[in-house]
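Right, one structure below, let's go through it.
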Amino acid sequence: MRLAFMGTPDFAVPSLAELIASGHEVVGVWSQPPRPRGRGQKLTPSPVHAFAETMGLPVFTPESMKSPDAMAQFINLDLDAACVVAYGQILKRDVLEAPRLGCFNLHGSLLPRWRGAAPIQRAIMAGDRQTGVQIMRMSEGLDEGPILLSEVLPILPDDTSATLGQRMAATGATLWSRALAAIERGGAVETPQVGEPTYAKKITPAEARIDWTRPAVEIDAHIRGLSPAPGAWFEVAGADGQPTRIKALMSQVSLKASGASGQVLDGELRIGTGTNGDGGAVRLLRVQRPGKAAQDAAEFLNGFPLPPGTVLG
């Protein structure tokens, strides 16, 4: 089939690789424009952009797919279908209807649960026990189209958004060949979404702050869901007395431990949680200081002591 691919993050790369390996003709790849990254704030192409270039594919990076020039460039390619994975832009009706067979999206949840921008993070943060990947026909509404294929995946007790996302990306990529074959022969079964939708809104920096008054299981899910990015965080006074923002990247629930909310309980970085300390404790396993690499708790404490009794903000 003559395809366009639209995607931006690492999550989308396995899908593009699968489409190429399956023998489809990918005539163009759309991705978000290069953004400043790293200490030098150098303009850096997205993971999909970089991969597409290594494969010799033409890459298009319009600031907006709503511009007449961007839409015309897409429409004039005479496509059979478009495959979309976490592209990051809204597509107007003219774009959705341009390919002969339509535009199709790989979404990282079991719709209608977690429509929107951050379904993997939100599923872990909410304490969901399972999630999935689904290929859907795109409509103008936010992740509202009918479902063609689904695969359910468990959310493991130690999953972060990174580990879960990697499994979902690999599983989702394998769905494309079956979906496109069914679409091409006119045999795809499109099932409308059923149930009350929930929305996976983009994570804000303020929301990522850890609330130590919540129960340990909720804080642990909050930390793992936001790891590695944007990273759950707390503040503590540094050597100069000024607040230092620390990211918590991995944690573990310690229900038998207890203490005041936000209080360091021992030398293994267990932190009291819950109202009046009755919510158990969270042991921080991996953390990151500003401008530093991520560290295991023991290594972190060697350079940034947090003696028992310290209260985290």
Side-chain angles (χ1 to χ4, degrees), residues 1-17 19-20 24-38 41-109 111 114-119 134-146 148 169 172 176 179-180 183 197 199-205 229-230:
M1 296 175 71
R2 184 175 171 86
L3 303 177
F5 184 83
M6 310 179 87
T8 297
D10 286 314
F11 181 82
V13 172
S15 287
L16 177 54
L19 292 171
I20 296 169
H24 293 289
E25 182 187 6
V26 181
V27 298
V29 173
W30 275 256
S31 195
Q32 293 281 60
R35 305 295 188 198
R37 289 183 176 86
Q41 290 295 282
K42 180 182 178 181
L43 282 178
T44 305
S46 74
V48 164
H49 183 164
F51 177 74
E53 286 192 333
T54 67
M55 302 303 294
L57 299 175
V59 180
F60 306 95
T61 58
E63 284 288 347
S64 174
M65 276 301 294
K66 296 179 181 179
S67 75
D69 287 347
M71 288 195 293
Q73 192 173 49
F74 182 89
I75 292 168
N76 291 337
L77 283 176
D78 190 27
L79 300 165
D80 291 319
C83 302
V84 183
V85 186
Y87 176 40
Q89 292 202 39
I90 300 296
L91 304 183
K92 296 182 70 174
R93 180 182 294 274
D94 288 350
V95 171
L96 294 174
E97 295 181 349
R100 178 174 62 89
L101 298 171
C103 294
F104 302 89
N105 179 58
L106 174 68
H107 186 75
S109 78
L111 294 164
W114 303 128
R115 293 175 178 172
Q134 298 183 312
I135 291 181
M136 57 181 286
R137 178 180 290 277
M138 297 182 71
S139 65
E140 286 192 285
L142 179 63
D143 297 328
E144 294 179 2
L148 281 72
W176 282 113
L180 291 173
I183 292 163
Y199 292 92
K201 296 179 181 178
K202 186 176 180 180
I203 310 294
T204 66

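Please read all numbers here as calculations on a predicted model, not as lab measurements.
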Go through it in stages, so that I can follow the logic: the residues are Ser46 and Thr8, the test is side chain to side chain donor-acceptor pair (under 3.5 Å), and I'd like the CA-CA distance, side-chain angles, deciding distance and then a yes or no.
CA-CA 6 Å; Ser46 74; Thr8 297; 5.0 Å; no

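- Side-chain contact check for Leu101 versus Met1: some heavy-atom pair is nearer than 4.5 Å.
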Let's go through Phe104 and Val84 carefully: what are the C-alpha distance in whole Å and the side-chain angles of both, what is the deciding distance for side chain to side chain contact (heavy atoms under 4.5 Å, CB included) to 0.1 Å, and is it a yes or a no?
CA-CA 6 Å; Phe104 302 89; Val84 183; over 6 Å; no

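- Annotation: Ile90, atom CD1; neighbour count of heavy atoms from other residues, nucleotides and ligands within 6.0 Å does not exceed 12.
- Taking CD from Gln134 and CG from Asp143, the interatomic distance works out to 10.0 Å, rounded to the nearest 0.5 Å.
- Between atom NZ of residue Lys66 and atom CG of residue Asp94 there is a gap of 12.5 Å, rounded to the nearest 0.5 Å.
- Distance CE/Met138 to CG/Leu96: 5.5 Å, rounded to 0.5 Å.
- For the ring pair (Phe, Tyr, Trp, His ring centres under 6.0 Å) criterion with Phe74, the lone passing option out of Trp30, Phe5, Tyr87 is Trp30.
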Verify ring pair (Phe, Tyr, Trp, His ring centres under 6.0 Å) between Trp114 and Tyr199, making sure each step is shown before the conclusion.
CA-CA 5 Å; Trp114 303 128; Tyr199 292 92; 9.2 Å; no

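- With a 4.5 Å cut-off on side-chain heavy atoms, Val29 and His49 do not count as touching.
- The main-chain N or O of Glu25 is never found under 3.5 Å from a side-chain atom of Arg2 such that the two would form a donor-acceptor pair.
- Under the 4.0 Å criterion applied to side-chain N and carboxylate O atoms, Glu63 and Arg35 are assigned as salt-bridge partners.
- Electrostatic pairing of Arg100 and Asp80 counts as a salt bridge here, judged by a charged N lying under 4.0 Å from a carboxylate O.
- Judged purely by atom type and a 3.5 angstrom limit, Gln32 has no side-chain atom pairing as donor or acceptor with the backbone of Thr61.
- A 4.5 Å side-chain heavy-atom check between Thr44 and Pro36 finds every atom pair outside the cut-off.
- A side-chain contact (heavy atoms from CB on, under 4.5 Å) with Met6 is found for exactly one of Leu16, Asn105, Val48, Leu91, namely Leu91.
- Within the model, atoms CZ of Arg37 and NZ of Lys42 stand 12.5 Å from one another, a figure rounded to the nearest 0.5 Å.
- Looking at heavy atoms from C-beta onward, Ile20 lies in side-chain contact with Met55 at the 4.5 angstrom threshold.
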Derivation of the side chain to side chain contact (heavy atoms under 4.5 Å, CB included) call for Leu180 and His24:
CA-CA 10 Å; Leu180 291 173; His24 293 289; 3.8 Å; yes

Check the pair Trp176, Ser15 against side chain to side chain donor-acceptor pair (under 3.5 Å), reporting the backbone distance first and the verdict last.
CA-CA 7 Å; Trp176 282 113; Ser15 287; 3.1 Å; yes

